[in-house]
Amino acid sequence: QVQLVESGGGLAQAGGSLRLSCAASGRTFSYNVMGWFRQAPGKEREFVAAITWRIGTTYYADSVKGRFTISRDNAKSTVYLQMNSLNAEDTAVYYCGATLKSYDDFAGYDYWGQGTQVTVSS
């Protein structure tokens with residue numbers, strides 16, 4: 001079992017920054033990939049970024065590349081998503097998840113957090 005708790009969402013102005021955290025507990029290292037997805041109203045959940053626990057290899061969606069940075073602190077079992085240059089299209093509920101499968105395969109994620117709302121005002 002893995003428990004995931006997101007935090008750090010809120011309201012930001014366009015061009016601003018937010019940092020999301022995902023604290024993991026339980027058998028976290030049995031899952032090699034941690035990912036961030038987001039879901040805007042009326043839209044499907046989409047991949048944002050992912051990172052491997054052991055080596056720290058990172059993956060990004062094209063829409064956030066160069067603006068968002070995913071990182072992890074193995075000692076704290078926490079994954080972060082630093083979001084810079086935010087725009088209105090980044091408004092969504094952000095979820096972190098754990099998977100053994102491909103980092104961008106939403107259906108392959110076994111555990112999800114409760115989500116944290118990010119709202120960007122223009």
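One-based numbering along the sequence shown.
Residues Ala40 and Thr91 come closest through the heavy atom pair CB-O, 3.7 Å.
By the side-chain contact (heavy atoms from CB on, under 4.5 Å) test, Ser102 pairs with Asp104, Asp105, sequence neighbours left out. With sequence neighbours excluded, no residue satisfies salt bridge (Lys or Arg N to Asp or Glu O under 4.0 Å) with Lys101. With sequence neighbours excluded, the residues forming a side-chain contact (heavy atoms from CB on, under 4.5 Å) with Ala23 are Thr78, listed by chain and number. With sequence neighbours left out, the side-chain contact (heavy atoms from CB on, under 4.5 Å) criterion links Gln13 to Ser121. Here Asn74 pairs with Arg72 under the side chain to side chain donor-acceptor pair (under 3.5 Å) rule; sequence neighbours left out. By the side chain to side chain donor-acceptor pair (under 3.5 Å) test, Ser25 is found to be paired with Gln3, residues two or more places apart in sequence or in another chain being considered. The side chain to side chain donor-acceptor pair (under 3.5 Å) test applied to Thr58 returns no partner, not counting sequence neighbours.
The shortest distance between side-chain heavy atoms of Leu20 and Tyr80 does not fall below 4.5 Å. Taking 4.5 Å as the limit, every side-chain heavy atom of Glu46 sits out of range of all side-chain heavy atoms of Gln39. With a 4.5 Å cut-off on side-chain heavy atoms, Leu100 and Asn32 count as touching. The shortest distance between side-chain heavy atoms of Leu18 and Tyr94 does not fall below 4.5 Å. For the pair Gln82 and Ser17, the minimum side-chain heavy-atom distance is below 4.5 Å. Side-chain contact between Tyr60 and Val48 is absent, with no heavy-atom pair separated by less than 4.5 Å.
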Notebook entry, point to check: Is there a side chain to side chain contact (heavy atoms under 4.5 Å, CB included) between Met34 and Leu4 once you walk through the steps?
Noted result: CA-CA 10 Å; Met34 297 292 293; Leu4 304 172; 3.6 Å; yes
Next item on the list: Could you go through the side chain to side chain contact (heavy atoms under 4.5 Å, CB included) check for Trp36 and Val79 one step at a time?
Entry: CA-CA 9 Å; Trp36 285 97; Val79 175; 3.6 Å; yes
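A donor-acceptor pair under 3.5 Å is absent between the side-chain atoms of Ser122 and the main chain of Ala88, judged by distance alone. Looking at Glu6, its side chain never comes within 3.5 Å of a backbone N or O of Thr116 through a donor-acceptor pair.
Crowding of Glu44 atom CD: a count of heavy atoms from other residues, nucleotides or ligands under 6.0 Å not exceeding 12.
Legend: salt bridge (Lys or Arg N to Asp or Glu O under 4.0 Å) pairs involving residues 73-98, not counting sequence neighbours, sorted by first then second residue: Arg38-Asp90, Arg67-Asp90. The disulfide bond (SG atoms under 2.5 Å apart) analysis of residues 67-105, with sequence neighbours excluded, yields the pairs Cys22-Cys96. Within the structure, salt bridge (Lys or Arg N to Asp or Glu O under 4.0 Å) contacts touching residues 7-31 (residues at least two apart or in different chains) do not occur. Applying the salt bridge (Lys or Arg N to Asp or Glu O under 4.0 Å) test to pairs two or more places apart or on separate chains, those with a residue in residues 54-65 are Asp62-Lys65.
Residue Tyr59 is found in a hydrophobic cluster whose other members, listed by chain and number, are Val33, Phe37, Phe47, Val93, Tyr95, Tyr103, Phe106, Tyr109, Trp112; membership requires side-chain heavy atoms under 4.5 Å apart, directly or through intermediates.
Here the CG atom belonging to Asn84 is positioned 8.5 Å from the CZ atom belonging to Phe68, to the nearest 0.5 angstrom.
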